[in-house]
Chemist: 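Input: one structure, supplied below.
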Amino acid sequence: MTHDVAALRAELTEMAAADHRSAVRANSDDPAEQLAWRRLTARHGDRLREIMDEYGWPTAELVGEDAARAAWLIAQHADRQLDVQRRALQLMQQAVSEGSAAPRELAFLRDRTLVNEGRKQIYGTQIAGVKDGAPIPWPCEEPDRMDELRAEVGIEPFDAYVARFSIT
């Protein structure tokens, strides 16, 4: 099992590195680059599905901080595999309630999954677009409570968050 976990740690970390290298392709004007991104995230989503079936949620206790964050990133980017995102959300929710996963990452995954389901997000972590140089979030359930809800899970206020993305 120790060897398996070490191999899993290395695999997840490499998948996240490949994701980071390819992420620029996600919004490329070149359809071939967009397709390469979709194929990569689909392959990763398929593999994460197998990992979750075998290990449950890959927590930091199991695979280490970097690999656990990598698993979350892979789930975040499995946008065309709602079954993977929903399963990750369920397993991660359980891990958070047991104190073995980060509420902040769970909040991002919850918002991402809700947006992919065509529903309103909770924490305002998903950006729909930019208007007049300012990022605009996808619609939120309770926009008036967004910053309060963000604070509960350790996410900075929306204005501070989007200031990093603003186009001046």
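Every heavy atom of this structure was used, including side-chain atoms; hydrogens, water molecules and symmetry mates were not. Fair warning: this is a prediction, and the values are worked out from it, not measured in the lab.
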Chemist: Whether the N27 and Q34 side chains hold a donor-acceptor pair (N or O, under 3.5 Å, no angle test) is what I'd like checked.
Modeler: no
Chemist: Should E117 and R112 count as an ion pair when the cut-off is N to O under 4.0 Å?
Modeler: no
Chemist: Dump the intermediate steps for side-chain contact (heavy atoms from CB on, under 4.5 Å) on V5 and R9, then the final yes or no.
Modeler: CA-CA 6 Å; V5 170; R9 177 182 301 126; 4.1 Å; yes
Chemist: Just verifying a value: how many Å separate T113 OG1 and L89 CG, rounded to the nearest 0.5 Å?
Modeler: 5.0 Å
Chemist: Taking atom CZ of R87 and atom CE of M52, what is their separation to the nearest 0.5 Å?
Modeler: 6.5 Å
Chemist: Got a second to check how far E65's CD is from T13's OG1, nearest 0.5 Å?
Modeler: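 OG1 of T13 is found 11.5 Å from CD of E65.
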Chemist: May I have the step-by-step check of side-chain contact (heavy atoms from CB on, under 4.5 Å) for Q93 and R110, ending in yes or no?
Modeler: CA-CA 9 Å; Q93 174 75 58; R110 175 165 286 130; 2.5 Å; yes
Chemist: Would a single hydrophobic cluster contain both L114 and L91, if residues Ile, Leu, Val, Met, Phe, Trp and Tyr are joined by side-chain heavy-atom contacts under 4.5 Å?
Modeler: yes
Chemist: Which pair of heavy atoms, one from A78 and one from V84, lies closest together, and at what distance?
Modeler: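 That would be CB-CG1, 4.1 Å.
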Chemist: With a 4.0 Å cut-off on N to O distance, would you call K120 and E142 a salt bridge?
Modeler: no
Chemist: Measuring only between side-chain heavy atoms, which start at C-beta, is Q76 closer than 4.5 Å to Q85?
Modeler: no
Chemist: I need the I155 CD1 to F108 CZ distance, nearest 0.5 Å.
Modeler: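 I155 CD1 to F108 CZ: 4.5 Å, rounded to 0.5 Å.
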Chemist: Please tell me whether L109 and F158 are part of a single hydrophobic cluster in this structure, the criterion being side-chain heavy atoms less than 4.5 Å apart.
Modeler: yes
Chemist: A side-chain contact here means heavy atoms from C-beta on lying under 4.5 Å apart; do Q94 and W57 qualify?
Modeler: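 In short, these two side chains do not touch, never coming nearer than 4.5 Å.
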Chemist: Closer than 3.5 angstrom, by distance alone: can the side chain of D111 be matched with the main-chain N or O of Y123 as a donor-acceptor pair?
Modeler: yes
Chemist: Looking at D66 and R69, is any side-chain nitrogen of the basic one under 4.0 Å from a carboxylate oxygen of the acidic one?
Modeler: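 A salt bridge is present here (some side-chain N lies under 4.0 Å from a carboxylate O).
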Chemist: Look at the side-chain heavy atoms of Ile, Leu, Val, Met, Phe, Trp and Tyr, link any pair under 4.5 Å apart, and say whether L48 and V96 land in one connected group.
Modeler: yes
Chemist: Kindly write out the residues that satisfy side-chain contact (heavy atoms from CB on, under 4.5 Å) with R25, not counting sequence neighbours, or none if the list is empty.
Modeler: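 Result, side-chain contact (heavy atoms from CB on, under 4.5 Å) vs R25: S22, E33, A36, W37.
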Chemist: Is there a side-chain contact between I127 and W138, using heavy atoms and a 4.5 Å cut-off?
Modeler: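 Not touching, per the 4.5 Å side-chain cut-off.
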Chemist: If I compare all heavy atoms of A107 with all of V153, which pair ends up nearest, and what's the gap?
Modeler: CB-CG2, 3.7 Å
Chemist: Can you tell me how far CG of D79 sits from CZ of R38, rounded to the nearest 0.5 angstrom?
Modeler: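 The CZ atom of R38 sits 10.5 Å away from the CG atom of D79.
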Chemist: Going by an N to O cut-off under 4.0 Å, is there a salt bridge joining D46 and R49?
Modeler: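 The answer is yes: the pair qualifies as a salt bridge.
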Chemist: Does the side chain of I51 come within less than 4.5 Å of I74's, by heavy atoms?
Modeler: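 Sidechains of I51 and I74: no contact.
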Chemist: Would you find a donor on one side and an acceptor on the other, under 3.5 Å apart, between the side chain of Q81 and the backbone of A42?
Modeler: yes
Chemist: Are E156 and R150 ion-paired here, with the side-chain N under 4.0 Å from a carboxylate O?
Modeler: no
Chemist: Considering only heavy atoms from C-beta outward, does the side chain of E98 approach that of E61 to under 4.5 Å?
Modeler: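 No, too far: nothing below the 4.5 Å cut-off.
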Chemist: Quick one: does L73's side chain get under 4.5 Å of H20's, heavy atoms only?
Modeler: yes
Chemist: Distance-only, no hydrogens or angles: does the Q126 side chain make a donor-acceptor pair with backbone N or O of P137 under 3.5 Å?
Modeler: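 Such a contact is absent between Q126 side chain and P137 backbone.
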Chemist: How about H77 and D19: does a side-chain donor come under 3.5 Å of a side-chain acceptor?
Modeler: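 Yes, D19 and H77 have a side-chain donor paired with an acceptor closer than 3.5 Å.
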Chemist: Is there a donor-acceptor pair closer than 3.5 Å between any side-chain N or O of Q121 and the backbone N or O of T125?
Modeler: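 Flag set: sc Q121 to bb T125 pair under 3.5 Å.
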Chemist: C140 versus I122: any side-chain heavy-atom pair under 4.5 Å?
Modeler: no
Chemist: May I ask you to check whether over 12 heavy atoms, not counting those of R39, lie within 6.0 Å of atom CZ?
Modeler: no
Chemist: Please name all residues satisfying side-chain hydrogen bond (donor to acceptor under 3.5 Å, both in side chains) with D159, sequence neighbours left out, ordered by chain then number.
Modeler: none
Chemist: Measuring only between side-chain heavy atoms, which start at C-beta, is L149 closer than 4.5 Å to M146?
Modeler: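 No; the side chains remain at least 4.5 Å from each other.
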Chemist: Nearest 0.5 Å, what's the CG-CG distance between L40 and L35?
Modeler: 11.5 Å
